[in-house]
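Here is how names work: the chains are called A, B, and so on, in the same order as the sequence lines, proteins then strands, and each is numbered from 1.
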There are 2 protein chains.
Amino acid sequence: MGKERVTVIDIARAAGVSKSTVSLVLQASPLVNEATRAKVNAAIRELGYVYNRGAANLRQSNAKSKIIGIVVNDLTNSFFAELAVGVDMVVQSAGYVQFLANTGESVDRQREVIASMREHGISGLILSPARGTEAADLKPLVASGIPVVNVVRQVAGAKVSSLVSDNHAGTHQAVRHLAGLGHHRIAFLGGFPDTAVFHERLQGYRDALSDMDLAVHGELVISSAPSRAGGVAAIERALLLRERPTAAVCFNDAVAFGVCDGLRAHRLDPGEDFAVIGFDDVIEAQTAVPALTTISVDPQGMGRRAAQLLLKQINAGRADAEAIVSSVRLVVRQSCGAATDKRERLSLL
Amino acid sequence: MGKERVTVIDIARAAGVSKSTVSLVLQASPLVNEATRAKVNAAIRELGYVYNRGAANLRQSNAKSKIIGIVVNDLTNSFFAELAVGVDMVVQSAGYVQFLANTGESVDRQREVIASMREHGISGLILSPARGTEAADLKPLVASGIPVVNVVRQVAGAKVSSLVSDNHAGTHQAVRHLAGLGHHRIAFLGGFPDTAVFHERLQGYRDALSDMDLAVHGELVISSAPSRAGGVAAIERALLLRERPTAAVCFNDAVAFGVCDGLRAHRLDPGEDFAVIGFDDVIEAQTAVPALTTISVDPQGMGRRAAQLLLKQINAGRADAEAIVSSVRLVVRQSCGAATDKRERLSLL
DNA sequence: CTAGATAATTGGAACGTTCCAAAGTTGTCA
DNA sequence: TGACAACTTTGGAACGTTCCAATTATCTAG
């Protein structure tokens with residue numbers, strides 16, 4: 001059934017016009033007469049025509065494909081799922097469609113998917129680079145004039161735009177808040193030390209300690225996988241220290257949740273016996289128990305902004321690298337043991 | 001820089017052969033001499049050639065595009081994020097690339113994205129249909145010979161394959177387990193009543209009650225949005241009943257987490273004062289506190305299976321609708337108050 | 001040395017669209 | 001009536017690939 005593809009020529013024949021006219025109608029050109037346009041559209045509906053973007057794209061190699069690529073390093077992390085949703089929103093309503101791929105932190109896989117996306121002629125790429133991505137990996141892409149926006153993580157030396165959250169300010173605020181509550185042994189838990197994000201967050205932590213005239217103890221910085229399991233592992237190690245910390249700033253929310261789990265396993269009550277602050281403000285942070293005090297970065301909004309930036313560059317034809325640092329704010333909830341104002345939680349129900 | 005696209009003709013010139021030969025090399029044809037192949041490959045690397053799938057696809061309209069589409073109704077639900085990851089795995093290693101779109105339960109948006117995907121010539125589609133999707137919506141797709149696999153939800157009357165979990169058996173097991181622990185007022189909480197999945201799970205719940213000679217009380221079935229917030233709302237209403245339930249089977253894990261939150265807000269301890277069972281076994285179920293007893297459906301595995309089924313159909317050229325019911329098992333953790341075996345939790349750390 | 005087979009290569013047509021330059025239609029005004 | 005503008009429409013070339021039939025080069029056997 002319907003095996004034969006119906007083309008612009010078929011509908012031209014049906015409407016009694018030339019294929020050129022049909023093409024003009026498809027592009028909503030103002031040059032075509034209203035009556036003709038109606039006839040053509042009728043034929044299109046009649047025959048169930050579907051536009052062949054591949055063919056169109058072949059002719060107009062510049063205007064491009066209406067595809068944007070998005071590759072993330074860990075889609076199972078809800079931060080990235082939210083990010084993808086944000087991107088999808090703006091991209092979709094601009095008439096684009098998104099290729100989404102997950103690299104699972106593998107540079108090899110990342111290379112493959114980016115190559116594949118290029119073959120399909122993406123108009124632009126939003127990339128949260130896998131660990132270990134180098135500027136050279138992105139070189140051919142930008143050389144061919146495809147706009148790239150890095151999100152979350154930057155790639156040193158790459159001439160591409162980036163949209164990252166203000167990591168330094170985030171942990172800085174978190175530490176100041178904890179210090180203000182009277183904590184002076186504050187740990188920094190979780191994250192891989194070989195990423196720029198880790199260093200920025202760590203530096204914010206260190207600088208804040210200095211600013212508050214607190215000592216910086218190396219033993220209180222414990223790295224681990226940036227996941228729930230990693231959080232458990234990190235707090236386990238922290239609790240073995242001769243002088244235990246009384247509070248922790250965590251690399252991200254996933255780690256923070258793990259830290260809470262680990263504390264409970266030791267019969268410690270997060271928010272009461274130990275203060276915990278996360279980073280990202282994933283959706284579960286509001287409803288978890290205790291509700292997580294965290295640095296809000298609004299992943300969905302970040303996705304939207306990244307997509308807007310990318311579309312701007314695509315439309316501009318050519319756009320130069322632009323580095324946006326998206327600001328960040330501390331959302332005080334319960335896990336840090338601050339004045340427990342129940343109103344926020346209840347209003348969310 | 002590099003504005004001019006390098007084509008098969010450029011590399012033919014560079015390698016001193018004809019474009020046809022280059023084409024054969026690209027397709028790894030055995031007809032071409034080893035030495036020639038080497039020369040051509042060298043030129044390809046040299047000039048930084050990138051294959052134009054659009055053009056290729058234009059010529060061989062049958063063999064198709066190496067794109068598969070996946071559209072889900074709620075990507076922020078980690079169940080679907082996991083599902084997408086599963087699909088991505090097998091699809092990627094088969095040399096395909098995935099279009100991922102999120103409908104947010106909007107049939108309009110779903111119509112748009114499917115239309116857009118068709119224009120791009122997807123070879124197949126994996127679809128978790130938005131609420132209210134009708135067989136007519138899928139008609140043109142299947143008429144044009146594009147294989148479709150529905151996941152999670154079915155569409156009545158649509159001649160497409162489907163892969164759903166055994167919803168009836170799942171809630172049936174859950175209720176039996178709770179009854180075995182001595183509960184006799186067991187609620188069914190959450191979910192939209194206008195979906196087939198809801199009815200299947202509800203029916204499993206009802207049948208199990210009957211099988212265990214327990215009364216079925218209509219008031220104990222409380223529907224709500226299938227989200228964390230919906231779970232909170234549902235348990236709120238359940239606790240207002242004259243005769244409160246002592247246990248609940250929830251529509252899915254998100255609802256179950258919400259139910260736990262709501263219980264705590266009433267100073268009830270989930271797992272101790274009230275038994276909660278979820279459905280899906282999302283990744284957080286293992287590490288939450290209390291660890292969630294739930295029906296495991298392995299979303300990632302489901303994604304993989306769906307992708308395999310779809311690829312099979314694509315390769316077979318034509319495949320008839322096949323309905324797979326994927327089996328399901330109860331994973332007993334802590335939230336149902338059963339013998340609290342700590343080993344499972346600890347082994348996960 | 002030649003006929004026939006086998007291996008390797010090739011030019012041109014085709015895929016479905018867009019763009020361009022050109023050609024028809026009208027209508028207006030001197 | 002003729003010239004000119006404004007509005008519509010149109011054939012054909014191009015885009016980058018694959019496929020087919022045809023060609024050339026190489027080998028084998030008689």
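Atom-to-atom, CD1 of B:Ile9 to P of D:dC15 comes out at 8 Å; the value is rounded to the nearest Å. At whole-Å resolution of the value, CG in A:Leu58 and P in C:dA14 are 17 Å apart. Distance, B:Arg37 CZ to C:dA7 P: 15 Å, rounded to whole Å. Whole-Å rounding puts the B:Glu34 CD to C:dT9 C1' distance at 15 Å. Between the C1' atom of C:dG16 and the CG atom of B:Asn57 lies a distance of 11 Å, rounded to the nearest Å.
The ring-ring contact (aromatic ring centres under 6.0 Å, His included) pairs that include a residue from residues 106-156 of chain A are A:Phe99-A:His120, where partners are two or more places apart or lie in different chains.
Taken from CG in A:Asn315 to CG in A:Leu310, the straight-line distance is 9.5 Å, to the nearest 0.5 Å. To the nearest 0.5 angstrom, A:Leu311 atom CG is 10.0 Å from A:Gln313 atom CD.
Checking C:dG16, C:dG11, D:dT10 against the side-chain heavy atoms of A:Ser20 singles out D:dT10 as nearest. Distance from the side chain of B:Val32 is smallest to C:dT9 among C:dT17, C:dT9, C:dT10. Listed nucleotides: D:dT9, C:dT17, D:dT18. Nearest to the side chain of A:Val8: C:dT17. Relative to the side chain of B:Thr36, the nucleotides C:dT9, D:dT10, C:dT10 differ in distance, and C:dT9 lies closest.
A donor-acceptor contact closer than 3.5 angstrom is absent between the side chains of A:Ser116 and A:Glu112. Defined by atom type and a distance below 3.5 Å, a donor-acceptor pair is missing between the side-chain atoms of B:Ser326 and B:Ser165. Under 3.5 Å, the side chains of B:Asp88 and B:Gln92 contain a donor-acceptor pair of N or O atoms.
The side chain to side chain contact (heavy atoms under 4.5 Å, CB included) with B:Arg153 is formed by just one residue from the set B:Val197, B:Thr133, B:Leu127, B:Val164; it is B:Val197.
A heavy-atom distance below 4.0 Å to DNA chain C is reached by none of the residues of residues 45-55 of chain B. Looking at residues 21-30 of chain B, you'll see B:Thr21, B:Leu24 sit with a heavy atom under 4.0 Å from some atom of DNA chain C.
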| task | Assess whether salt bridge (Lys or Arg N to Asp or Glu O under 4.0 Å) is satisfied between B:Arg305 and B:Glu322, documenting all intermediate values. | result | CA-CA 13 Å; B:Arg305 266 190 308 261; B:Glu322 190 169 335; over 6 Å; no
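The base of D:dT18 lies close enough to the side chain of B:Arg59 for a donor and an acceptor atom to sit less than 3.5 Å apart.
Nucleotides of DNA chain D nearest to A:Leu31 and A:Lys19 differ in position, and the one nearer the 5' end is that of A:Leu31.
Salt bridge annotation for A:Arg37-A:Glu34: present, with a cationic side-chain nitrogen under 4.0 angstrom from a carboxylate oxygen.
Between A:Gln60 and the phosphate of C:dC19, there is a side-chain N or O to OP1/OP2 separation shorter than 4.0 Å. For D:dT10, the OP1/OP2 oxygens have a side-chain nitrogen or oxygen of A:Ser18 closer than 4.0 Å.
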